[in-house]
Amino acid sequence: MLNILVLAGKNGTPVPENFRLENSTLTADLEDGEVLVRTLYLSVDPYMRCRMNEDTGAGYLTPWLLSECVDGGGVGVVESSRCAGCTKGDVVTNFNWPWQTHAVMKGSLLQKVHPQLVDGHLSYFLGAVGITGLTALLGVREKGNVTKGANQTMVVSGAAGACGSIAGQIGRLDGCVRVVGISGSDEKCRALVEDLGFDAAINYRQEDIPARLKERCPQGIDVYFDNVGGDISDTVIKQMNTGGHVILCGQISQYNKDVPYPPPLSEEIQEALQSKNITRERFMVLNYMNKADSALCELSQWVKSGQIKVLESVVDGIENMGDAFCSMMKGGNTGKQIIKISE
């Protein structure tokens, strides 16, 4: 078995050297209720940066412990089982999957998934038809107040990332007449418009964001799906319409800083929110898991029908987990960052 250990947790930019690959041996005998799984795919996500600090800033997230095996979203196949609910060959997933090529886990903690839901693309269970897709769909539905026929404009920051790329498509499907994405390269902007059906995209690294927003959102902004925070979000909020809604999903631009979550806003932005009666509410998908089953069915149907297009950046090999994580934190991925561990 190969597993990844985290070596350092402090404020600052993560580097691959924060992670270490080790060989270890699993016990040959399973206890009652346990299963042996072979890992197929693992996920790296922005929220994991918070787990590198002693205080994650979120009660539902535990910090990664130094020199202990790292965990996150994973999908794999059962190779042997002493759990009544799991049989050999079952495809299973879990939000706290150890970064290992093989693992012994409690079968009761695993969710069995059916490959036909994703047309055999099992990595989608970590993205569009998994917790990422749920975050996008339920975030839009619960906090966005999108209404068909209301002539609404949605802006998505981090739009070419795992969650943003899905959220923008859902905004369009749910009734927004204009969806504009903000991303960090011309290539990503092209993908948003040409592949995912966004109406426009803005390269925040090269373009004048305020000017481009006014050009691309001539009737103002009604819904903002916020994945990044910081200056970009301040700029968007300043151009929002009265009665608009900010879906506070993530603040990736702030994750390497020693600030609380969500980070404090300037007096100017607080005044803009108050004077325009704009809601800005933190969204945590775990608070809405009673709606997960029906939402996952809807996501599956959209993906299989092609109404939602899925973007992935796939890296091979557990030895590249640290590199993939650090690249993702700098925006090196388009869509969901996936690490393929085995066939």
Side-chain angles (χ1 to χ4, degrees), residues 3-22 42-74 94-100 103 109 126-127 130-132 134-135 139 157-158 161-164 184 225-234 246-266 269 280-287 289 313 315 318-333 336-339:
N3 56 279
I4 297 286
L5 287 75
V6 64
L7 295 180
K10 60 182 180 179
N11 295 305
T13 303
V15 294
E17 289 73 26
N18 292 138
F19 300 88
R20 182 175 73 228
L21 181 66
E22 284 191 351
L42 293 172
S43 167
V44 293
D45 302 281
Y47 79 89
M48 293 175 172
R49 174 61 187 85
C50 304
R51 300 189 68 190
M52 296 180 78
N53 290 337
E54 291 183 7
D55 180 0
T56 66
Y60 60 93
L61 287 179
T62 57
W64 285 335
L65 300 178
L66 298 183
S67 296
E68 295 291 335
C69 185
V70 179
D71 67 294
N94 185 266
F95 189 62
N96 297 111
W97 195 287
W99 286 10
Q100 300 175 179
L109 300 179
L126 300 179
I131 197 73
T132 303
L134 286 175
T135 301
S157 59
C163 189
F225 199 100
D226 184 7
N227 288 303
V228 304
D231 293 341
I232 289 175
S233 291
D234 290 353
V246 178
I247 305 164
L248 183 55
C249 182
Q251 302 279 278
I252 190 172
S253 71
Q254 307 299 302
Y255 286 169
N256 292 329
K257 302 176 182 179
D258 185 12
V259 294
Y261 186 90
L265 297 173
S266 68
I269 299 303
R280 179 181 180 264
E281 298 179 341
R282 182 176 180 179
F283 175 74
M284 292 184 288
V285 70
L286 297 180
N287 291 339
M289 294 308 285
S313 296
V315 171
I318 195 169
E319 67 276 8
N320 294 312
M321 291 289 296
D323 288 329
F325 173 80
C326 296
S327 173
M328 176 272 305
M329 286 298 299
K330 295 178 180 178
N333 58 302
K336 183 74 174 182
Q337 180 65 68
I338 293 290
I339 296 83

Mind checking the CG-NZ spacing from N53 to K257? Nearest 0.5 Å is all I need. 14.0 Å
Inter-residue atom distance L65.CG - R51.CZ, 0.5 Å rounding: 9.0 Å
For [X] versus [Y], what's the shortest heavy-atom pair and its separation?
| X | Y | value |
| --- | --- | --- |
| G164 | N227 | CA-ND2, 3.6 Å |
| R49 | P14 | NE-CD, 3.7 Å |
| R20 | S67 | NH2-OG, 4.1 Å |
| V15 | C326 | C-SG, 3.2 Å |
| P263 | Q254 | CG-CG, 3.6 Å |
| T56 | L61 | OG1-O, 2.8 Å |

Would you check if [X] and [Y] make a side-chain contact, meaning some heavy-atom pair closer than 4.5 Å?
| X | Y | answer |
| --- | --- | --- |
| C69 | W64 | no |
| R280 | I247 | no |
| N320 | I339 | no |
| N256 | M329 | yes |
| M52 | P63 | no |
| F283 | T135 | yes |

Take I318 and L21 through the side chain to side chain contact (heavy atoms under 4.5 Å, CB included) test and state the conclusion after the steps. CA-CA 8 Å; I318 195 169; L21 181 66; 4.0 Å; yes
Run the ring-ring contact (aromatic ring centres under 6.0 Å, His included) test against F325 and tell me which residues pass, sequence neighbours left out. F19
Tell me whether D231 at atom CG has more than 12 heavy atoms from other residues, nucleotides or ligands lying less than 6.0 Å away. no
Please check: side-chain N/O of N94 versus main-chain N/O of G74, any donor-acceptor pairing under 3.5 Å? no
Could you go through Y60 and Y47, starting from their C-alpha distance and side-chain angles, then the distance that decides it, and tell me whether this counts as side chain to side chain contact (heavy atoms under 4.5 Å, CB included)? CA-CA 11 Å; Y60 60 93; Y47 79 89; over 6 Å; no
So V44 and M321, side chain to side chain contact (heavy atoms under 4.5 Å, CB included) or not? Walk me through it. CA-CA 8 Å; V44 293; M321 291 289 296; 4.0 Å; yes
Is there a donor-acceptor contact under 3.5 Å linking the side chains of S233 and D226? yes
Candidate pair D71 and W97, rule side chain to side chain contact (heavy atoms under 4.5 Å, CB included), full reasoning: CA-CA 5 Å; D71 67 294; W97 195 287; 5.9 Å; no
Applying side chain to side chain donor-acceptor pair (under 3.5 Å), can you list everything that pairs with D45, at least two apart in sequence or on another chain? S43, K336
